[in-house]
Each structure stands twice: as structure tokens, then as C-alpha cells.
**Q** 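Before I ask anything, let me first share the structure, which is written out below as C-alpha cells.
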Amino acid sequence: QVHVMESGGGMVQAGDSLRLSCLVSGGIFSGYTMAWFRQAPGKQRELVAAVTSDGSTKYADSMKGRLTISRDNGKNTVYLQMNNLEPDHTATYYCAADRHRYSGGWIPTTSSAYEYWGQGTQVTVSS
């Protein structure tokens with residue numbers, strides 16, 4: 001049984017930074033493609049950032065330059081560093097895991113590709 005748990009959300013002001021963490025238990029974390037998605041009220045869930053088992057990364061164009069995704073296989077944890085946040089970034093942020101390995105720099109961007117999900121952590125950015 002794979003269990004995914006996010007932490008680190010909260011309420012911040014515009015311009016602030018926040019680091020989200022995601023701990024995965026069960027399975028073989030080092031082989032997973034890990035991703036962060038977000039969903040704002042009334043909107044579809046969308047990919048924010050992803051990292052494969054070999055360290056390839058992908059970022060949402062709308063947030064590129066503000067984000068860094070990283071993983072620590074020794075701690076079964078993936079992180080999302082978000083800088084210079086804006087009110088439009090307010091959403092529930094979800095961590096997701098995909099058991100499949102990918103090569104050639106290709107990374108899945110649709111939520112259906114990811115088998116395991118956390119409950120989400122709320123990020124609220126005030127102006």
C-alpha cells in the first residue's frame with residue numbers, strides 16, 4: 001500500500017515563498033515519477049511540476065521561474081519550493097506518484113497518469 005502525505009501549506013502574503021513537502025511510504029519511491037498538481041475552486045486540476053526517477057523536471061509555463069521541484073530518495077520525500085507567490089496561486093496543492101519510469105525527458109502531465117495521491121494541502125496567498 002502506497003501512502004502519500006503533503007505538508008507545508010499555509011497562508012502567506014504576495015511575494016512570499018513557501019516550501020511544500022510530500023512524504024511517500026510503501027512502494028519503491030526512487031523509481032516513481034513524482035508530481036505536484038493544484039486545483040483552485042471552480043477550475044480543473046493542473047500540473048505544477050514533476051520530477052522523474054532520473055531527475056528530469058517539468059514545470060507549468062504559468063509558474064516557470066518561481067518553482068523548484070526536488071526529491072530526496074533517502075527520505076522518500078519530494079519538495080516544491082515556490083517563490084514570489086501571487087494571489088492567483090491560491091489553490092489546493094496535491095502530490096502524486098506514478099510507478100512508471102520514463103526516459104528521454106518525457107514526463108506525463110495529465111492527472112490520470114498518476115496512481116497515488118495525497119489529500120492535498122491548502123495554499124492561500126493574500127494581496
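All residue numbers in this chain count up from 1 along the given sequence.
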**Q** What are the two closest non-hydrogen atoms of Phe29 and Val24, and how far apart are they?
**A**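 Shortest heavy-atom separation between Phe29 and Val24 comes out as CD1-CB, 3.6 Å.
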**Q** Nearest 0.5 Å please: distance from the OH atom of Tyr32 over to the OH atom of Tyr114.
**A**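 Rounded to the nearest 0.5 Å, the OH-OH separation comes to 14.0 Å.
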**Q** Is Leu20 reachable from Trp117 through a run of hydrophobic residues whose side-chain heavy atoms are each under 4.5 Å from the next?
**A**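 No, separate clusters.
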**Q** Are Met63 and Tyr94 connected, step by step, through hydrophobic side chains (Ile, Leu, Val, Met, Phe, Trp, Tyr) whose heavy atoms are closer than 4.5 Å?
**A**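 Different clusters.
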**Q** So among Thr124, Thr90, Leu18, Asp16, which one has a side chain to side chain contact (heavy atoms under 4.5 Å, CB included) with Leu85?
**A**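 Exactly one option meets the side chain to side chain contact (heavy atoms under 4.5 Å, CB included) with Leu85, and it is Leu18.
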**Q** Side-chain contact, heavy-atom cut-off 4.5 Å: Thr121 with Ser7?
**A**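 Counting from C-beta outward, Thr121 and Ser7 never come under 4.5 Å.
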**Q** Within this structure, what is the CG-OH distance for the pair Leu80 and Tyr93, rounded to the nearest 0.5 Å?
**A**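 Between Leu80 CG and Tyr93 OH, I get 8.0 Å after rounding to 0.5 Å.
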**Q** Measuring from Tyr102:OH to Thr52:OG1, what's the distance to the nearest 0.5 Å?
**A**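 Result: 10.5 Å between the selected atoms.
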**Q** What I want to check is whether the side chains of Asn83 and Gln81 have a donor and an acceptor closer together than 3.5 Å.
**A**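 There is such a pair (donor and acceptor under 3.5 Å, judged by atom type) between the side chains of Asn83 and Gln81.
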**Q** Give a yes or no answer on whether the side chain of Ser126 reaches the backbone of Val12 with a donor-acceptor pair at less than 3.5 Å.
**A**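 Answer holds: yes.
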**Q** Check Val51 against Arg71 and note the closest heavy-atom contact, atom names and distance.
**A**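 Looks like O-NH1, 3.5 Å.
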**Q** Atom OG of Ser62 and atom CD of Glu46: how far apart are they, to the nearest 0.5 Å?
**A**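 Interatomic distance, Ser62 OG to Glu46 CD, rounded to 0.5 Å: 5.5 Å.
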**Q** Where is the tightest heavy-atom contact between Cys95 and Met34, given as atom of each residue plus distance?
**A**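 Smallest heavy-atom distance, with atoms named: SG-CE, 3.6 Å.
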**Q** Indicate yes or no for a side-chain donor-acceptor contact from Glu6 to the backbone of Cys22 under 3.5 Å, with no hydrogens or angles considered.
**A**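 No.
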**Q** Write down the atom of Ala14, the atom of Pro87, and the distance for their closest heavy-atom approach.
**A**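 Here Ala14 and Pro87 meet closest at CB-CD, 4.1 Å.
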**Q** Between Tyr59 and Ile69 (side chain of the first, backbone of the second, donor and acceptor by atom type, cut-off under 3.5 Å), is there such a pair?
**A**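 Present.
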**Q** Closest approach of Lys58 and Thr109, non-hydrogen atoms and distance?
**A**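 Closest heavy-atom pair between Lys58 and Thr109: CE-CG2, 3.3 Å.
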**Q** Under the 3.5 angstrom rule, does the side chain of Arg66 hit a backbone N or O of Asn84 as a donor-acceptor pair?
**A**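 Yes: the side chain of Arg66 pairs with the backbone of Asn84.
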**Q** Any chance you could measure Asp98, atom CG, to Glu115, atom CD, to the nearest 0.5 Å?
**A**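 Those atoms lie 4.5 Å apart.
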**Q** Please check if any side-chain donor atom of Thr92 sits under 3.5 Å from a side-chain acceptor atom of Gln122, or the reverse.
**A**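 Present: a donor and an acceptor within the cut-off.
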**Q** How close do Asn73 and Asn76 get, counting heavy atoms only, and between which atoms?
**A**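 Answer, listing the atom of Asn73 first, then Asn76: O-OD1, 3.2 Å.
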**Q** Is it true that Trp36 and Tyr116 fall in one hydrophobic cluster, defined by side-chain heavy atoms closer than 4.5 Å?
**A**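 Cluster IDs for Trp36 and Tyr116 match.
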**Q** Has Arg45 got its NZ or CZ under 6.0 Å from the middle of the six-membered ring of Phe37, at an angle within 45 degrees of the ring axis?
**A**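 Ring-cation test returns no.
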**Q** Quick one: OG on Ser17 to CE on Met82, what's the gap to the nearest 0.5 Å?
**A**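 Here the interatomic distance stands at 9.0 Å.
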